Every structure is written in structure tokens, then in C-alpha cells.
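Since we're looking at a predicted model, the values are computed, not measured.
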Amino acid sequence: MIRLSGVVVACVVAGALGQDGTIIGGNLNPNQLVEMSRTSGSTTARAPVGVQPQGLAYDAGRNTLYAVDAGFNSVYTINPDTGATVLLAAVTGASNANGLAYDPGRDVIYVSDNNNNRLYTVDPVTGASSIVGVLTGANGVEGLAYDCDSNTLYGISDLTSRVIVIDPDTAGVTELPLVLPSGNLRGLAYDRSENALYISISVSGNFFRVDLDPLTLTDLGLINPSRAVQGLAVIETSCDTCAADIDGDGELTLFDFLAFQNLFSAGDLAADFDGDGELTLFDFLAFQNAFAAGCG
């Protein structure tokens, strides 16, 4: 986990997708995007779409909405105004791809499959897909969400009725100590401004909020008039994706190397660039790689 001080946050205007903090849902009957109320299950219809939006994710850097359709096991980009869809990638090896999340730090899309219980990644530029591993300890993971501030990948397990934290490198699973209502847990989205997760249940049509600190569950009511909402995404400004700019001046210079060395010498875990909880030579190598990658 990388936590840096003095970092410039890159803000991106949400534009046509809506105001910052807008919750977008993927309704399956009919196939369309809907805008979700933050305090209730009320929905407002937006554009019809050409695929079933069973998972949604928002890429603030590109101001792009992604969707996954389990029937085709494919990831698409969606124009939120017209509903037009463009195929980005077929997820190789997937049999029922449902969950979707975007990680801006790694610039990768995560996809979960609730049939084979596996986690995949998709490159948003090339469309190349690869398997991360089996989601051991959780079954029926149909919703994914990513918190780019803490670098945490969340999921919901339909069969265990739990919110889970997923290791993006191994697909290892840790359960949060909160039992969710049972019954087709589908959509999941993380709200940075509230440090909360939103969850949709497709059979009962309920809409829930899970506050993460302290860990509490709130029933926001029935999703209405749309009921079969599966994909969820929150439209928000992007996290910082230039971790090597430690002095926060917007440029990568010798002073960033000096700032990193100062953090490392002081034993500050802000220098833990490989995220293993320790300060070692590998953090120097990880910082050098981040510096060489530049700021996009």
C-alpha cells in the first residue's frame, strides 16, 4: 500500500457522465444506464445500451465508463449519452464474467467470474486479458470496486454474503466482519467522498450502503422504478497516478529522488513503494521504475 505526502492529485472533470459523486447503475430490464439516488433506491433512466451492463467501472483519467456483459464474457466502453457500445476485450477463459473495477495506479481493469471463481485483468489500451488467480475463500463474486486512495480491491461474495478484500496480485481473499443480506448480491461501487460502498441486490431489488469506518450497513430501500440493477459505478475525480512526484511540484526531478531518500532514511512508510510493509532495496527499485514511467 503506497501512501505519499505532498502529492498533487490530478483532477478530471466528469463531464457528460454526470457530476462528481454521481452513482450510475446498469439496469438489465430493459438494458439501460440509470442514475441512482445516494440516499434511497430511486433511479432516473439514462441512455439505453446495446449490452447487459452486469458490471460497471469508471476510468476518470480517460473519462470513460466500462461495462461487462456475462453473456459474451466481454468488456465494453459505453457512451453515456447515446448508449453506444464498443467492444474493448473478450476475457479469455471467462465463463460468466460479472464484476468490474478499474485501478488507475496500475491502469488495469479487474474482472471477476462467478462461475469459475477467478479474477482476471484487462488492459484498457490493448484489450489484452490475463488471469490473476482463483478467488479462494469466496464464491460467487459478482461485484467489484476499487479504492484508489488505499489501493484496495473490494468484492462481494454472493454465496457467503460478505464484503471481501482481494489481493490484486494473487486473488487471495479476506472477509470483512459484516454479514450482508442474502439474495443475489450483484452491483458494487466505492464512493471516495464518503468512504463507503454501495451494493445492489437484483432479486429483492434492495439498495445498500456499507460505511467502512466504522463498519455499518444501511438499507437505502427498494430500487425503483428500475429493479434489476447489477452494475454500479461512482463518477468521481481521479486519484493521483504520479506517485514518483514526491515533492508535489508536478515534475519529476532530482528533488523527488532526494525526497524519497529522506523518507526512506526517516523510516517513513511513504517510501514503501513495493507495498510489502517494509523498507528495503526493492523500494528503491520500485521508485526508480515509477520515476522512469513518468507522469501520464
Side-chain angles (χ1 to χ4, degrees), residues 1 3 9-27 33-44 46 53-68 78 80 98-105 109-110 112 141-157 162-166 168 176 178 180-181 185-202 206-223 226 229-241:
M1 182 181 299
R3 294 184 183 275
V9 175
C11 292
V12 179
V13 178
L17 287 170
Q19 298 293 323
D20 190 32
T22 299
I23 305 172
I24 299 296
N27 188 47
L33 299 180
V34 297
E35 187 169 325
M36 313 286 295
S37 168
R38 299 175 68 85
T39 58
S40 73
S42 176
T43 63
T44 303
R46 297 187 60 157
Q54 287 161 300
L56 293 176
Y58 177 61
D59 175 350
R62 297 182 177 89
N63 192 29
T64 298
L65 190 66
Y66 301 114
V68 62
I78 295 182
N98 275 276
L100 204 65
Y102 173 70
D103 175 353
I109 301 168
Y110 298 107
S112 63
V141 178
E142 301 211 27
L144 295 176
Y146 192 78
D147 171 9
C148 56
D149 290 313
S150 66
N151 296 324
T152 303
L153 178 62
Y154 293 101
I156 45 173
S157 174
R162 293 294 187 103
V163 175
I164 59 175
V165 174
I166 303 170
L176 295 187
L178 178 70
L180 302 171
L185 299 164
R186 292 294 186 261
L188 185 68
Y190 177 74
D191 184 344
R192 292 176 62 208
S193 64
E194 300 291 336
N195 191 29
L197 295 163
Y198 289 94
I199 298 172
S200 63
I201 298 182
S202 65
N206 284 85
F207 192 42
F208 292 92
R209 169 176 165 145
V210 174
D211 288 275
L212 295 170
D213 187 21
L215 194 60
T216 55
L217 176 69
T218 302
D219 187 344
L220 299 177
L222 291 176
I223 300 173
S226 303
V229 172
Q230 291 200 11
L232 290 176
V234 176
I235 308 306
E236 54 195 354
T237 55
S238 67
C239 282
D240 168 68
T241 57

Residues forming a side chain to side chain donor-acceptor pair (under 3.5 Å) with [X], sequence neighbours excluded:
X: T43; value: S226
X: N27; value: none
X: S40; value: S37
X: S193; value: D191

Atom pair [atom1]/[atom2] of [X] and [Y] - distance to nearest 0.5 Å:
X: F208; Y: L220; atom1: CZ; atom2: CG; result: 8.5 Å
X: L144; Y: Y110; atom1: CG; atom2: OH; result: 10.0 Å
X: L65; Y: L33; atom1: CG; atom2: CG; result: 6.0 Å
X: E236; Y: T22; atom1: CD; atom2: OG1; result: 10.5 Å
X: E142; Y: R186; atom1: CD; atom2: CZ; result: 3.5 Å

For the student: nearest non-hydrogen atoms of [X] and [Y], plus distance:
X: S112; Y: G143; value: OG-N, 4.5 Å
X: C148; Y: P104; value: CB-CG, 3.7 Å
X: G26; Y: P53; value: CA-CG, 3.5 Å
X: I156; Y: G187; value: CD1-O, 3.6 Å
X: L176; Y: R162; value: O-NH1, 3.2 Å

Any side-chain heavy atom of [X] within less than 4.5 Å of one from [Y]?
X: S200; Y: I223; value: yes
X: V163; Y: L215; value: no
X: I201; Y: F207; value: no
X: Y190; Y: N195; value: yes
X: N151; Y: P168; value: no
X: L153; Y: D103; value: no

Handout entry: Y146: ring pair (Phe, Tyr, Trp, His ring centres under 6.0 Å) partners, not counting sequence neighbours
Key =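 Testing Y146 for ring pair (Phe, Tyr, Trp, His ring centres under 6.0 Å), a comparison that skips the adjacent residues, returns none.
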Practice task
Have a look at L56 and tell me which of I24, L100, V234, L232 forms a side-chain contact (heavy atoms from CB on, under 4.5 Å) with it.
Solution key: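 Only match with L56 under side-chain contact (heavy atoms from CB on, under 4.5 Å): I24.
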Exercise for the section: Say whether D147 and Y154, considering side chains only, have a donor N or O and an acceptor N or O under 3.5 Å apart. Expected result: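 Per modelled atom types, D147 and Y154 side chains form no pair under 3.5 Å.
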Handout entry: Set of residues satisfying salt bridge (charged side-chain N to carboxylate O under 4.0 Å, His left out) with respect to R209, sequence neighbours excluded
Key =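 For R209, the residues satisfying salt bridge (charged side-chain N to carboxylate O under 4.0 Å, His left out) (neighbours in sequence not counted) are E194, D211.
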Practice task
Apply side chain to side chain contact (heavy atoms under 4.5 Å, CB included) to N63 and Y58, showing your working.
Solution key: CA-CA 7 Å; N63 192 29; Y58 177 61; 2.7 Å; yes
